[in-house]
Engineer: 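Got a structure for you, questions after.
Values below: all heavy atoms of this structure, side chains included; hydrogens, waters and symmetry mates excluded. In each ligand, atom 1 is the first atom listed, and ligand 1 is the first ligand listed.
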Amino acid sequence: MYRCILAGLGGQGLFWLREVRKRNDCEIVAYVEPSSANQQRAIEQHGVPKERLFASLDDALEKVQADFVLDVTPPAVHHVIAEKAFAAGLHVLEEKPLSDNYATAKRVVEQGLKHGCKHMITQNYRFGSFPRTTRRLLAEGKIGKPGQCDIRFYIPWADIPGSHYVTQPYMLINDMMVHHFDMLRYVLGTEPESVQAITWNHPWGWHKGDAAHSIVFFYPDGLIATHVACGCAVGSQTGWNGDWRIEGPKGSIDWDKHQMTYSHLHRVEQPVQEKIEPLEVPPAHQAILDEFFTAIREDRDPECSAADNLKSLAMVFAAIKSAQEGRKVSLKEIG
Ligand SMILES: NC(=O)c1ccc[n+]([C@@H]2O[C@H](COP(=O)([O-])OP(=O)(O)OC[C@H]3O[C@@H](n4cnc5c(N)ncnc54)[C@H](O)[C@@H]3O)[C@@H](O)[C@H]2O)c1
């Protein structure tokens, strides 16, 4: 039985609480939440036992024995939780983004490695059936070597007044697009070498920081990936994965929120446009917990280890730097 300290009982913390409760190999031995309003909500509406609820991780670590911390605090707090957990010899399963600062992220990853603790980031999007299926099809050569990948994202994202999503700059890229950039790495199986980005905001939007962008990633072999987003979209919506199109010499793979398609239409005797049956995959958050526990048991790096996740985070910070400085930025400048 893996003993968990759940840190952060905001919206996503309560989601994780329900996910952990579905399992029989994990129990929550302590909860950490400094906000009295959120403590009260957790006790009254979510059955969190008062005697197991602490205002700080230090208090919890004094009172309980645990195996890992599930960190669902805001990004600026992640390193505080992780460093305390590592110092106590605990593994850390931590919500994305690893941090709101790249240098801090790097330092905390080194701390985890130094203490020999597992440190995994919950990039749940890549565990979905469309990315899993696409990665496999690309590896099998379905469309040949991809030359272009285009993603579009139109969602009324994070509209809770006063939350860090709304008040802090570049939150759409830092907090949300880290999922898409991580999926790009997973699906395409390759790393970009530079990025050019522009960002802007719309007068009707609710974010203080820029919530719309056009970003181009350049890969060493000529592959180009584009990402266009509006996080204050009030019209039609894509799914949360965004709409994807990957183009290769033998056709394209397309997804929207409903289906995946393979097409090869140009100058072929038999034009093809067919629905792709996606792989059946377990629910993403359960798959993440399975992977984390297996990595602990087998004493190996988990998929989405924090060390690997630095590469997804570097894409975030390189895109932000490019937007701020109005120039193409090499990924090497970040990491
Ligand atoms: N993977 C996903 O799809 C997904 C979805 C939503 C949120 N998230 C991530 O989950 C994290 C939390 O997001 P949220 O929407 O729940 O934010 P939130 O602001 O609603 O909740 C964060 C909670 O952490 C608490 N907190 C602050 N400092 C703390 C500390 N030192 N110790 C313990 N708790 C502390 C806050 O009081 C708050 O209750 C973020 O990193 C966010 O990006 C991920």
Side-chain angles (χ1 to χ4, degrees), residues 4-20 28 30-43 45-46 48 52-62 66 69-85 88 90 92-101 104-105 108 120-128 131 153 155 157-168 170-183 186 207 209 231 239-242 283-289 291-292 304 306 309 312-313 316:
C4 169
I5 298 177
L6 177 59
L9 292 171
Q12 187 69 357
L14 294 172
F15 173 84
W16 273 109
L17 170 62
R18 292 189 289 275
E19 289 299 307
V20 171
I28 301 177
Y31 303 79
V32 182
E33 173 55 61
S35 144
S36 50
N38 288 359
Q39 285 184 355
Q40 228 29 53
R41 177 178 66 177
I43 293 166
Q45 297 174 28
H46 300 276
V48 166
R52 291 195 174 262
L53 183 50
F54 301 91
S56 77
L57 181 57
D58 290 328
D59 291 349
L61 289 170
E62 253 181 44
V69 175
L70 175 46
D71 178 5
V72 202
T73 62
V77 183
H78 288 170
H79 69 281
V80 178
I81 299 291
E83 284 177 339
K84 283 183 196 295
L90 305 188
V92 173
L93 178 60
E94 189 169 78
E95 262 298 353
K96 45 52 64 175
L98 211 169
S99 174
D100 63 347
N101 176 290
T104 306
V108 87
M120 178 177 176
I121 307 302
T122 62
Q123 298 283 182
N124 45 296
Y125 279 52
R126 67 151 69 190
F127 287 83
F153 176 89
I155 290 279
W157 180 76
D159 59 355
I160 301 166
S163 70
H164 65 275
Y165 303 109
V166 173
T167 56
Q168 291 177 26
Y170 296 111
M171 267 293 136
L172 181 71
I173 298 181
N174 190 355
D175 200 279
M176 176 61 216
M177 291 319 151
V178 70
H179 278 309
H180 284 198
F181 299 170
D182 182 71
M183 270 200 288
Y186 174 77
H207 304 91
W240 284 84
N241 274 335
H285 295 80
Q286 294 300 325
I288 285 172
L289 288 165
E291 171 63 7
F292 185 61
C304 301
N309 194 256
S312 304
L313 202 66
V316 163

Engineer: Pick, from Q12, H285, M176, H78, the option with the minimum heavy-atom distance to atom 4 (C) of ligand 1.
Structural biologist: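 Nearest option to atom 4 (C) of ligand 1, by heavy atoms: Q12.
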Engineer: Report the nearest protein non-hydrogen atom to atom 40 (C) of ligand 1: residue, atom name, distance rounded to 0.1 Å.
Structural biologist: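 Nearest neighbour among protein heavy atoms for atom 40 (C) of ligand 1, to 0.1 Å: T73 O, 3.6 Å.
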Engineer: Decide side-chain hydrogen bond (donor to acceptor under 3.5 Å, both in side chains) for N124 and T122; before the verdict, give the C-alpha distance in whole Å, the side-chain angles of both, and the deciding distance to 0.1 Å.
Structural biologist: CA-CA 5 Å; N124 45 296; T122 62; 4.8 Å; no
Engineer: I need the nearest protein heavy-atom contact for atom 12 (C) of ligand 1: residue, atom name and distance, please.
Structural biologist: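 Residue, atom and distance for the closest contact: V72 O, 3.3 Å.
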Engineer: When you measure from atom 32 (N) of ligand 1 to each heavy atom in T122, I81, L14, which option holds the nearest one?
Structural biologist: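 That would be I81.
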Engineer: Tell me which part of E95 gets within contact of ligand 1: side chain, backbone, both or neither, using heavy atoms under 4.0 Å.
Structural biologist: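 It is the side chain that touches ligand 1; the backbone stays farther off.
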Engineer: Given that the side chain starts at C-beta and the backbone is N, CA, C, O, which of these parts of L57 lies under 4.0 Å from ligand 1, counting heavy atoms, or is it both or neither?
Structural biologist: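 Answer for L57: neither.
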Engineer: Any idea which protein heavy atom is nearest atom 17 (O) of ligand 1, and the distance to it?
Structural biologist: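 Checked against all protein heavy atoms, atom 17 (O) of ligand 1 sits closest to H164 CE1, 3.8 Å.
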Engineer: For Q39 and E33, indicate whether the former's side chain and the latter's backbone hold a donor-acceptor pair under 3.5 Å.
Structural biologist: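 Pair found, side chain donor or acceptor close to backbone of E33.
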Engineer: May I ask you to identify the nearest protein heavy atom to atom 35 (C) of ligand 1, giving residue, atom name and distance to one decimal place in Å?
Structural biologist: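 It is P34 CD, 3.3 Å.
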Engineer: Check whether E95 reaches the backbone of T73 with its side chain - one donor and one acceptor, N or O, closer than 3.5 Å.
Structural biologist: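 It does not hold such a pair.
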Engineer: Donor-acceptor check, side chain of H180 to backbone of N241, threshold 3.5 angstrom: yes or no?
Structural biologist: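 Checking the backbone N and O of N241 against the side chain of H180, a donor-acceptor pair under 3.5 Å is found.
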Engineer: Do W240 and Y125 make the cut of ring centroids closer than 6.0 angstrom?
Structural biologist: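 Distance test on ring centres: not under 6.0 Å, no.
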Engineer: Please work out, at 4.0 Å between heavy atoms, whether the side chain, the backbone, both, or neither of Q123 comes within that distance of ligand 1.
Structural biologist: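 Contact part for Q123 vs ligand 1: neither.
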Engineer: For P97, is there any backbone N or O sitting under 3.5 Å from a side-chain donor or acceptor partner on H78?
Structural biologist: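 Pair found, side chain donor or acceptor close to backbone of P97.
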Engineer: Find out whether V108 and V92 are in side-chain contact, i.e. whether some heavy atom of one side chain is under 4.5 Å from a heavy atom of the other.
Structural biologist: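 Contact flag for V108/V92 side chains = no.
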Engineer: Return the closest protein heavy atom for atom 7 (C) of ligand 1 as residue, atom name and distance.
Structural biologist: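 Checked against all protein heavy atoms, atom 7 (C) of ligand 1 sits closest to Y165 OH, 3.3 Å.
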Engineer: Indicate, as side chain, backbone, both or neither, the part of N124 found under 4.0 angstrom from ligand 1 when only non-hydrogen atoms are considered.
Structural biologist: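 Just the side chain.
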Engineer: Between F15 and ligand 1, which residue portion shows a heavy-atom distance shorter than 4.0 Å: side chain, backbone, both, or neither?
Structural biologist: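 Looking at F15 and ligand 1, no heavy atom falls under 4.0 Å.
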Engineer: Check whether any side-chain heavy atom of V178 lies under 4.5 Å from a side-chain heavy atom of I121, and answer yes or no.
Structural biologist: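 A side-chain contact under 4.5 Å is absent here.
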Engineer: To check your reading of the model: name the closest protein heavy atom to atom 41 (O) of ligand 1, its residue, and the distance in Å.
Structural biologist: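 Of every protein heavy atom, K96 O, 2.9 Å lies nearest to atom 41 (O) of ligand 1.
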Engineer: Quick one: are I173 and F181 in side-chain contact, heavy atoms under 4.5 Å?
Structural biologist: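 Side-chain contact under 4.5 Å: yes.
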Engineer: Which of the atoms of ligand 1 are close to N38, meaning less than 4.0 Å from one of its heavy atoms?
Structural biologist: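 What qualifies from ligand 1 is 38 (C), 39 (O).
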Engineer: Mind checking whether V77 contacts ligand 1 via backbone (N, CA, C, O), side chain (CB onward), both or neither, at a 4.0 Å heavy-atom cut-off?
Structural biologist: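 V77 to ligand 1: side-chain contact only, backbone stays beyond 4.0 Å.
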Engineer: Which residue supplies the protein heavy atom nearest to atom 20 (O) of ligand 1, what is that atom called, and how far is it?
Structural biologist: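 Atom 20 (O) of ligand 1 sits closest to the protein heavy atom G11 N, 3.4 Å.
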Engineer: With the side chain counted from C-beta on, respond yes when E94 and M120 share a heavy-atom pair under 4.5 Å apart, and no when they do not.
Structural biologist: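 Not in contact.
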Engineer: Among P97, G10, G8, P74, which residue places a heavy atom closest to atom 27 (C) of ligand 1?
Structural biologist: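 Ranked by closest heavy atom to atom 27 (C) of ligand 1, first place is P74.
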Engineer: Would you check if the side chain of R52 reaches a backbone N or O of I28 as a donor-acceptor pair within less than 3.5 Å?
Structural biologist: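 It does not hold such a pair.
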Engineer: Quick one: does S35 get an N or O within less than 3.5 Å of an N or O on ligand 1?
Structural biologist: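 No; every N/O pair is 3.5 Å or more apart.
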Engineer: Starting from atom 38 (C) of ligand 1, what is the nearest protein heavy atom, named by residue and atom, and what distance separates them?
Structural biologist: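 Nearest protein contact, heavy atoms only, for atom 38 (C) of ligand 1 is E33 OE1, 3.5 Å.
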Engineer: Using side-chain heavy atoms (C-beta onward) and a distance below 4.5 Å, is I288 in contact with L93?
Structural biologist: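 With C-beta onward as the side chain, the pair touches.
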Engineer: Which atoms of ligand 1 are found less than 4.0 Å from any heavy atom of H179?
Structural biologist: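 Listed by number with element, the hits are 1 (N), 2 (C), 3 (O).
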Engineer: Can you find an N/O atom of D175 closer than 3.5 Å to an N/O atom of ligand 1?
Structural biologist: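 In this structure, D175 places an N or O atom under 3.5 Å from an N or O of ligand 1.
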Engineer: Is there a nitrogen or oxygen of Y125 sitting under 3.5 Å from a nitrogen or oxygen of ligand 1?
Structural biologist: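 No, no N or O pair falls under 3.5 Å.
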Engineer: Taking the side chain as C-beta and beyond, is there a heavy-atom pair between H207 and T167 under 4.5 Å?
Structural biologist: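 Counting from C-beta outward, H207 and T167 never come under 4.5 Å.
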